[in-house]
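Report on the structure given below.
Because the structure is a prediction, the values reported are computed rather than measured. Note: hydrogens, waters and symmetry copies are ignored here, and every other heavy atom, side chains too, is used.
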Amino acid sequence: MKLYEYLGKELFDRYGIAVPAGRVIENAGQAAEAAAELGEVVIKSQVLTGKRGKAGGIAFASSPDEAKKEAERIFKMELGGFTADKLLVEKKVQIEQEIYLAITVDGTAQRPVVLVSLDGGMDVEDVPEERMIRWPVDVTVGMQGFMVREICRKLGVKGSLQKEFLKLLPKLYKLFREMDAELAEINPLALTPDGLVAADAKVTIDDDALYRHPQLPRIKEKTALELRAEELDLAYVELDGDIAVMANGAGITMATLDMVQHYGGSPANFLDFGGGADVEKTSQALELLLGTNPRVLLINIFGGITRCDVVAEAFARVRESKGINLPVSFRLVGTNEAEGRVILEKVGIKSFTSMDEAVSHAVDLLGA
Amino acid sequence: MKLYEYLGKELFDRYGIAVPAGRVIENAGQAAEAAAELGEVVIKSQVLTGKRGKAGGIAFASSPDEAKKEAERIFKMELGGFTADKLLVEKKVQIEQEIYLAITVDGTAQRPVVLVSLDGGMDVEDVPEERMIRWPVDVTVGMQGFMVREICRKLGVKGSLQKEFLKLLPKLYKLFREMDAELAEINPLALTPDGLVAADAKVTIDDDALYRHPQLPRIKEKTALELRAEELDLAYVELDGDIAVMANGAGITMATLDMVQHYGGSPANFLDFGGGADVEKTSQALELLLGTNPRVLLINIFGGITRCDVVAEAFARVRESKGINLPVSFRLVGTNEAEGRVILEKVGIKSFTSMDEAVSHAVDLLGA
Amino acid sequence: MSIYINDKTRVLVQGITGNQGSFHTGQMLAYGTKIIGGVSPGKGGQSVEGVPVYDTVFEAVDKEPADASILFIPAPFARDAALEALAAGIKILVLIPEHIPLQDAIDIMAHARQNDAVVVGPNTFGLVTSGACKIGIMPNQYFVPGPVGVVSRSGTLCYEIVGHLTESGVGTTTVVGLGGDRVVGLHFVDVLKEFEKDPETKAIVLVGEIGGSAEEEAAAFIKSSMTKPVIAYLAGKSAPPGKRMGHAGAIIERGRGTFESKVEALTAAKVKVADLPTNVPDLVKEVIGGK
Amino acid sequence: MSIYINDKTRVLVQGITGNQGSFHTGQMLAYGTKIIGGVSPGKGGQSVEGVPVYDTVFEAVDKEPADASILFIPAPFARDAALEALAAGIKILVLIPEHIPLQDAIDIMAHARQNDAVVVGPNTFGLVTSGACKIGIMPNQYFVPGPVGVVSRSGTLCYEIVGHLTESGVGTTTVVGLGGDRVVGLHFVDVLKEFEKDPETKAIVLVGEIGGSAEEEAAAFIKSSMTKPVIAYLAGKSAPPGKRMGHAGAIIERGRGTFESKVEALTAAKVKVADLPTNVPDLVKEVIGGK
């Protein structure tokens, strides 16, 4: 779960990481009040899209009037498909140097990894690889002073800036571990006359660990379908094609989409309804898919934990209760395959045993 | 540094370990007030000696009057050479079972070790070895649920008591590590109708880590000499003989005492003034020793980091400023030995090169 | 003969009394796996499918030493159970659960490294040495002995491909599921090293997907150190960037982990990459036929 | 030829620019120790006694690989410096400082175990292989080559005894100071194991003291596994219980760690225990003469 900048900064503050003085506002009038209090300010749209700045979602203002006008403008903007409910109004900081600092996970090393570059402020993709210091942290040792000193040496950082890093890095690491972050990024980390200040905050919390953080708000910047899929605990991604795809298992679902494309079709979505779902859950997944009004429905089941009869039963039930008025291509093999096939035949669906045949049939149905 | 029971219980409370409701009092009147509030109470002298209970430093009272009387009595008592400034008045808990629980350090395993026995309440020395479960904790793993479950299995503990242990042990371990404890002992740990309650608290903080705990009060239950030695950062132990001993190094100081005894003498103290002390510090150590009015002074120097000339210089200085009016046996070898010997000869002291000779001479001086 | 596990491997089942645990204990026993005990705190003394149940892993291995343990433990408790197995000296850990918090997975891997233990998963179907020992949840019938080693990031897709192999008469030595999470114990390189050393494995099928850099690392290793032929299939050619495709690890982030990058790296290492899962058996037959 | 260290051992000095660090660097160089670098954060680029100074251990070992490191670091910073040395791959750590917090020592030992590193100390004079390599603060002149291995919990007392040996013409192979703290890296048993394997060591002198159980464990090991003769001297015969005698570890607590218990255990293992430090050389000559 990605956190809005202001929530990330609240976490920073709680862990003792300096952030600019600021206010979260919900209407343009508050922007003027905040500017009156803070002086020269920066106003930032609280949306999750990464390209906020380039799209005009960030503005500077040197008077309450200007702040109000900019806030009005930003409140109306759509960024990444969403308009902001909140803006962050912050005192403009005096930046001497922009630094990139992040902690994320290095899957190969199976460790948290600290990333630091003195080329901050730009998109991280644009930082030259050789200018980025990477330090994987052994969690049984934790973030120690010596690691920070070695990172600083590699960066060529000494003196008071090194001292700032010695204070800051253990705090960010503590936040990363305790808050179950996948990413804790500060870009830019601003060197100001008062020391290092986090001028931005990009914190992503591990969805699988959210239950440990009941105090965090649940961010709902998603489409209605995505929210519904989340409720049903389905792995669902909207795509822009016309063949709805449902399969069991992430890899085989991806492979099904690839095959649809291979045969000249275009998938409408990714839907992995997982292993071992019961009739109820499978029905709900089907209903969600049908609600997207696809032109063809492709179901690809290789039953392991998933039982073919359960999927067929769910299909028959939804067909009866809601009606399924579009062409269907069904592939069914594995656990309780025969029972499943019988159920499908009763509702007039002939199923395939080959994935290739089912997918090419689905593409053919589109042309029909 | 051993903590008074009430300070240990304050720590327990801070770490979420249940302790009986109670008040720390400084006069007998407050005991009556506390009893009026708490009902049936136990009144406990806040001294560091282990045998408080047997010596009468703990009493029960079922009325404010009785509490006042008992408090008056206990305030007057001397326990282990000290009278208590404070008493702890606690609500009497309903004990179903007494358990022994401690975390200390296992030097062989180089790890914290959890000790648990269902034979609580008695002196730990009296708990049969086979009834005591010992679990060394790998600090890189920490105290995990599985360890508690395994300890419980070995104890034969199940159900709700196991659940209590699952909550309690990680808290005590956290306290032990974070507070730099050498020992965190609860004896008895009382099983009450409300769960486990720490009926006593014996917590010792590592002297070498006290600087990390400025909020802890410094306990001064020591003799004036011991306090002075602590100020001077000397390793000093009072003994009951008449030959004052000063040497450099813990092992050789012990060996010197042993040799004094071997030759029929009796040492007045252990004083290791450490390695590399300067003239000032060495003089202060000498002055401290002379203040104990010994009958003979024995100085045993094997100079390594310690320089013989520095020790001789300190001796000469103290002799001049304060006077040294008792027989002295001086052994001096090692770094700058010749220079040291010259300094001593100037003040009329003949020094030995052999430790045996110096010690037997000291014992002879006693007889003289 | 096989990698990691064989017909001598003694297996413990953690979480044996749950639905999944008891069902798959039955399935594994049916496959021939030597299960020496199960663990379920508070259920010690019971038995599941004839397997004795203990309260703790220490108690279990005290009764009967175990080489491997498979965990059917709800994600929030998996870390504790995994650390218990490691502390009790288990050297192969198979973590079935999905949704184990990332930081917990990091902890498990750190302690496994300290204990020189191998972790398969989390979010894996496990591993199986065909005809000898299955420690996982894959359907029994597809895994028959033969000359091909298989290593996969995903489950059902792996069954699909092994199914095609089996149908076309090609069996497997060991099949290893790496798991779909961002942090997993084994990576392609680890398993490829073992297959390279295993005399019975004549060719390897690698089933990868978008996200991460495990395939690229595999390609580098194959190029530098492997003599045996490797065939690959990669899922996610049509996946858009920035979207998590079911697996936590299957995401193209910041231009990394793309399908193209992986195909390029593997092709440069002379790995044949199949267009469709169906094409894998023919490519395998080409290379093992040529041996 | 010797244990732990020899004339090839490459040594780093952490805290080289401090008073103690620079003084003892000179002394160690004078003894013949191969010092390849020093570390003092912020002082990189300087040199001490001709030894180059680096900012971090990583930088130092990057320039010149090191086998061992000796720490002259104030106690509050010793943990960080020790963990740095371990992370940088140093396998022998000599911790000179006293007053290192107990929990810090526990941490250092835990990570040393993970890295298969040997820790000498804390609160030790170090170790010396006579005539070849000194990593410590002991006075140079007493340590001359010979057939006796020495292992001691205390410093000055060890010099006293080695001094008596040297005076009576008996030199030493390696002399190891275990350190006086409650938690130290090496115990008697570890060092005895090495001496037993070292062909040049003909007899061992063990200098123990009250407190802890290291002497009792040594006795059990000697009884079960040693062929070479061991002579012991123990300090603290006259020490009262419950009082810390200078060393954090030198305390008789709850009836454990008494002089009597140690003498009894050692005597049962056929170790001759000298009454006085002065008597050690005669006992040693008895056993090496008889060889």
Side-chain angles (χ1 to χ4, degrees), chain B residues 16 97 99 101 103 105-106 108-118 129-174 176-178 191 195-196, chain C residues 12-17 37-46 52-63 66 69 71-90 93 95 100-101 103-117 119:
Chain B
Q97 189 177 354
I99 295 163
L101 172 63
I103 305 183
V105 173
D106 179 334
T108 306
Q110 304 162 325
R111 290 178 174 183
V113 60
V114 178
L115 304 173
V116 200
S117 173
L118 297 183
E129 196 54 27
E130 70 280 5
R131 300 268 301 161
M132 180 71 84
I133 304 300
R134 289 169 193 275
W135 188 279
V137 181
D138 180 344
V139 293
T140 69
V141 177
M143 170 67 69
Q144 303 297 331
F146 76 81
M147 300 174 188
V148 184
R149 290 200 308 273
E150 177 64 9
I151 290 169
C152 285
R153 187 182 70 79
K154 289 190 169 174
L155 289 168
V157 160
K158 298 187 175 195
S160 65
L161 183 52
Q162 174 171 312
K163 278 195 190 119
E164 289 277 312
F165 272 117
L166 278 164
K167 282 185 286 180
L168 175 59
L169 256 70
K171 291 173 184 168
L172 191 65
Y173 177 80
K174 193 163 190 271
F176 179 82
R177 292 276 292 167
E178 289 184 354
L191 180 59
L196 289 173
Chain C
L12 198 66
V13 179
Q14 287 177 259
I16 193 170
T17 55
V39 174
S40 270
K43 305 272 172 76
Q46 301 184 4
V53 179
Y54 302 97
D55 277 320
T56 70
V57 177
F58 291 93
E59 187 187 13
V61 299
D62 213 42
K63 288 274 160 44
S69 184
L71 273 73
F72 296 100
I73 299 278
F77 311 108
R79 178 182 182 276
D80 189 50
L83 296 184
E84 178 180 14
L86 292 170
I90 302 285
L93 227 61
L95 304 182
I100 291 180
Q103 302 294 344
D104 289 3
I106 289 172
D107 288 346
I108 294 169
M109 301 315 156
H111 294 293
R113 213 177 295 122
Q114 280 176 35
N115 289 277
D116 294 316
V119 178

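- Contact annotation for residues 138-150 of chain B against chain C (heavy-atom separation below 4.5 Å, listed by residue number): B:Asp138, B:Thr140, B:Val141, B:Gln144, B:Gly145, B:Phe146, B:Arg149, B:Glu150.
- Contacts between C:Glu59 and chain B at a heavy-atom distance below 4.5 Å involve backbone atoms as well as side-chain atoms.
- B:Phe165 and B:Trp135 have their aromatic ring centers separated by at least 6.0 angstrom.
- Judged by distance alone, with hydrogens and angles left aside, the side-chain atoms of B:Asp106 form no donor-acceptor pair with the main-chain N or O of B:Pro112 at under 3.5 Å.
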### Task
Go through the steps to decide whether B:Val137 and B:Arg111 satisfy the test side-chain contact (heavy atoms from CB on, under 4.5 Å), and finish with yes or no.
CA-CA 6 Å; B:Val137 181; B:Arg111 290 178 174 183; 5.8 Å; no
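- Contact of the C:Asn115 side chain with the C:Ile90 side chain is not registered, since no non-hydrogen atoms from C-beta on lie closer than 4.5 Å.
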### Message
If you apply the rule side-chain contact (heavy atoms from CB on, under 4.5 Å), what do you find for B:Ile103 with B:Tyr173, and how did you get there?
### Response
CA-CA 7 Å; B:Ile103 305 183; B:Tyr173 177 80; 3.9 Å; yes
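- Judged purely by atom type and a 3.5 angstrom limit, C:Asp55 has no side-chain atom pairing as donor or acceptor with the backbone of C:Val39.
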